[in-house]
Amino acid sequence: GELVKVPRRLEKVLGFGFLLCLDILLRELSFGPLQVAWSLLRALVCGRRRGASRPDGREPLLTLTEQGDVLRLALLLANVGLVSFFFDDSQIYHYIRRESFLK
């Protein structure tokens with residue numbers, strides 16, 4: 001009886017994992033660029049903000065979190081650029097059409 005319940009439980013876990021990954025992807029694609037734009041705009045308009053200073057006495061333009069957001073967006077854009085450069089859309093389309101198990 002317990003073995004029969006495994007596929008249903010596994011489907012629930014896999015479904016939850018898929019939704020979680022989809023949520024993270026959509027967040028990175030929608031809110032990531034908005035956060036970076038807001039951070040850079042605020043840094044340009046406000047200049048240096050008061051906050052934790054570095055050992056040399058200068059204050060950073062962006063917080064550590066904002067720097068991480070900029071880095072994540074740069075990596076995302078670099079990945080999109082590399083994928084679009086190395087993969088041809090028409091070849092991928094015709095490969096998928098050729099494969100019977102993907103139909």
Practice item. Group every Ile, Leu, Val, Met, Phe, Trp and Tyr by side-chain heavy-atom contacts under 4.5 Å, then state whether Leu77 and Leu40 land in the same group. Key: yes
Practice item. Sequence neighbours left out, what pairs pass side chain to side chain donor-acceptor pair (under 3.5 Å) with at least one residue falling in residues 67-84? Key: Glu28-Arg72, Asp69-Arg72
Point to revise | Steps toward side chain to side chain contact (heavy atoms under 4.5 Å, CB included) verdict (Glu99, Tyr95) | key: CA-CA 6 Å; Glu99 295 297 325; Tyr95 173 76; 3.4 Å; yes
Review point. Crowded around Leu64 CG? As in, over 12 foreign heavy atoms under 6.0 Å?
Key: no
**Study point:** Spatial distance of atom CG (Leu71) from atom CG (Leu62) [nearest 0.5 Å]
**Key:** 12.0 Å
Review point. At what distance, to the nearest 0.5 angstrom, does OG of Ser39 lie from CG of Leu73?
Key: 10.5 Å
Revision key, fill the gap. Interatomic distance, CD@Glu66 vs CD@Gln35, rounded to 0.5 Å, equals 9.0 Å
Check your understanding: More than 12 heavy atoms of other residues, nucleotides or ligands under 6.0 Å from CZ of Arg27: is that the case?
Key -> yes
Check your understanding: How many angstroms lie between atom CG of Leu82 and atom CG of Leu75, to the nearest 0.5 angstrom?
Key -> 10.5 Å
Review point. Are Ile96 and Phe87 connected, step by step, through hydrophobic side chains (Ile, Leu, Val, Met, Phe, Trp, Tyr) whose heavy atoms are closer than 4.5 Å?
Key: yes
Point to revise | Distance (rounded to the nearest 0.5 Å) between Ile92 CD1 and Arg97 CZ | key: 15.5 Å
Study note, to complete from the structure: One should read off an interatomic distance between Phe31 CZ and Leu34 CG, to the nearest 0.5 angstrom, of 7.0 Å
Check your understanding: Transitively linked via ILVMFWY side-chain contacts under 4.5 Å: Trp38 with Leu29?
Key -> no
